[in-house]
J.: 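I am attaching a structure below and will ask some questions about it afterwards.
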Amino acid sequence: MRGKGFIVCGILLFTACLGVMAQNPFEDRPVKDLPSAKPSPTARVNPIEIGNIAERKTVGKRESADLGLSVIWATSNIDAANVRGYYGRIVAWGELLEKSSYTPSTSANYGIARGDIKGDVNFDVAAQQWGNGWRMPTYAEMKELREKCTWTWAKESGRWGYKIVSKINRNYIFLPAVGINRSNKIDEMNHSGYYWTSTPLSNHNSAYRLTFTSSGINILEGSRYDGCYIRAVHSR
């Protein structure tokens with residue numbers, strides 16, 4: 001009987017090891033939104049190189065991708081062709097232009113009561129720049145992108161970021177790890193990505209933004225005076 005017990009234990013231990021080996025290496029890992037977090041761009045994932053982009057359409061004169069979600073997503077950041085080449089315009093929340101200083105004292109919306117700014121050309125840089133129904137995504141729309149797509153740390157044209165593949169129709173977009181402007185300089189380039197939503201928090205000092213590294217993806221509150229990027233959406 002004791003010999004049979006050893007055999008059973010051995011089988012159970014071997015099965016558990018197989019389960020650990022079979023875990024998805026691209027499984028998302030939550031991270032904290034800390035200014036000091038600078039993970040390696042190669043941390044714990046096997047990067048892939050993105051090939052040709054498929055199923056692109058023009059909506060409101062802008063290239064877009066239908067991921068089967070509640071909104072259509074743009075395939076590039078606001079002003080990506082005009083400002084810093086690939087990455088595009090970096091703005092404080094609710095502001096329309098880049099500037100030389102990103103601090104609480106230079107913010108037009110830090111400490112100011114604001115509702116959701118989606119579609120408001122006075123505060124929504126996507127609506128102001130692109131028009132034709134384009135706007136900043138809301139918290140709910142960013143959350144939908146997070147939950148209904150598979151996110152894989154990858155390279156596109158030699159740049160790090162996330163390939164975001166729809167679980168619904170397999171179409172995808174790519175979000176580059178463009179960093180953030182804190183203390184009047186861009187940090188964490190090719191390590192982290194920060195993208196504003198249009199949705200503020202009630203404390204008047206913060207707004208929700210997508211925050212990611214190679215180790216995980218979250219939608220967290222961020223200081224409105226930080227400089228982040230914009231990936232626009234269009235209603236169906």
Side-chain angles (χ1 to χ4, degrees), residues 22-31 33 37-59 62-81 84-90 126 134 136-180 186 188-197 208-220 228-234 236:
Q23 288 180 350
N24 182 4
F26 298 111
E27 182 180 2
D28 298 329
R29 303 170 180 85
V31 295
D33 186 22
K38 295 184 179 181
S40 166
T42 57
R44 299 199 302 279
V45 293
N46 296 318
I48 62 173
E49 190 74 29
I50 290 179
N52 294 330
I53 296 176
E55 297 186 37
R56 294 317 192 224
K57 300 179 180 180
T58 300
V59 175
R62 304 291 174 176
E63 187 183 76
S64 64
D66 186 352
L67 305 178
L69 306 179
S70 61
V71 291
I72 304 295
W73 283 83
T75 58
S76 62
N77 294 345
I78 294 295
D79 257 356
R84 267 191 309 285
Y86 182 81
Y87 296 120
R89 184 177 302 201
I90 188 168
W134 286 102
M136 294 170 65
T138 64
Y139 170 88
E141 290 158 352
M142 193 69 84
K143 185 172 183 286
E144 179 185 46
L145 182 73
R146 172 70 184 86
E147 295 178 347
K148 295 187 178 180
C149 296
T150 300
W151 294 56
T152 303
W153 188 250
K155 275 188 176 181
E156 181 183 76
S157 302
R159 298 172 176 90
W160 290 99
Y162 270 100
K163 179 182 180 182
I164 304 169
V165 181
S166 169
K167 297 177 183 178
I168 299 170
N169 61 16
R170 307 302 298 169
N171 202 11
Y172 70 88
I173 60 174
F174 180 79
L175 285 183
V178 288
I180 185 172
I186 298 178
E188 304 179 41
M189 185 70 74
N190 278 326
H191 291 259
S192 307
Y194 295 83
Y195 288 82
W196 285 124
T197 77
Y208 285 107
R209 66 188 178 200
L210 173 70
T211 302
F212 63 73
T213 69
S214 62
S215 300
I217 309 104
N218 278 301
I219 304 170
L220 303 170
C228 303
Y229 291 81
I230 307 293
R231 182 58 64 93
V233 297
H234 195 286
R236 291 182 171 278

J.: State which residues pass side chain to side chain contact (heavy atoms under 4.5 Å, CB included) with Thr138; sequence neighbours excluded, sorted by chain then number.
T.: Asp116, Lys118, Arg135, Ala140, Glu141, Ser198, Thr199
J.: Going by the rule side chain to side chain contact (heavy atoms under 4.5 Å, CB included), which residues pair with Lys167 if we only count those two or more places apart in sequence or in a different chain?
T.: Thr150
J.: Start with the C-alpha gap between Val165 and Arg170, add the side-chain angles, then the distance that decides, and say whether side chain to side chain contact (heavy atoms under 4.5 Å, CB included) holds.
T.: CA-CA 5 Å; Val165 181; Arg170 307 302 298 169; 3.6 Å; yes
J.: Give me the atom names and distance for the closest heavy-atom approach of Tyr162 to Thr213.
T.: OH-O, 2.7 Å
J.: Rounded to the nearest 0.5 Å, how far does CG of Leu210 lie from CZ of Arg231?
T.: 10.5 Å
J.: Measuring from atom CG of Leu175 to atom CG of Leu145, what distance do you get when rounded to the nearest 0.5 angstrom?
T.: 6.5 Å
J.: Minimum heavy-atom separation for Pro176 to Tyr195, with atom names?
T.: O-OH, 2.9 Å
J.: Could you go step by step and tell me if Tyr194 and Ile90 meet the side chain to side chain contact (heavy atoms under 4.5 Å, CB included) rule?
T.: CA-CA 10 Å; Tyr194 295 83; Ile90 188 168; over 6 Å; no
J.: If you measure from CD1 on Ile219 to CD on Glu144, what distance do you get to the nearest 0.5 Å?
T.: 10.5 Å
J.: As an exercise, state the distance from OG1 of Thr211 to CE of Met142, rounded to the nearest 0.5 Å.
T.: 9.0 Å
J.: How are the rings of His234 and Trp134 set relative to one another: parallel (under 30°), tilted (30 to 60°) or perpendicular (over 60°)?
T.: perpendicular
J.: Mind listing the closest non-hydrogen atom pair of Lys163 and Ala154 along with its distance?
T.: CB-CB, 4.3 Å
J.: Side-chain contact test, heavy atoms from C-beta onward, threshold under 4.5 Å: evaluate it for Ile164 versus Trp73 and give yes or no.
T.: no
J.: Show your reasoning for whether side chain to side chain contact (heavy atoms under 4.5 Å, CB included) applies to Cys149 and Leu69.
T.: CA-CA 10 Å; Cys149 296; Leu69 306 179; 4.3 Å; yes
J.: Ignoring hydrogens, what is the shortest heavy-atom contact between Ala177 and Trp153? Give both atom names and the distance.
T.: CB-CH2, 3.8 Å
J.: If we ignore hydrogens and angles and just use 3.5 Å, is the side chain of Arg89 paired with the main-chain N or O of Asn77 as donor and acceptor?
T.: no
J.: Got a second to check how far Arg146's CZ is from Phe212's CZ, nearest 0.5 Å?
T.: 11.5 Å
J.: Using the side-chain contact (heavy atoms from CB on, under 4.5 Å) definition, which of the options Val233, Leu67, Asp66 pairs with Ile72?
T.: Asp66
J.: What's the shortest heavy-atom distance between Ile168 and Gly68, and which atoms?
T.: CD1-O, 3.2 Å
J.: State the CD-OH distance between Glu156 and Tyr172, to the nearest 0.5 angstrom.
T.: 7.0 Å
J.: For the residue pair Ile173 and Ala74, what are the closest heavy atoms and their distance?
T.: CG2-O, 4.0 Å
J.: With a 6.0 Å cut-off on the ring centroids, do Trp196 and Tyr229 count as close?
T.: no
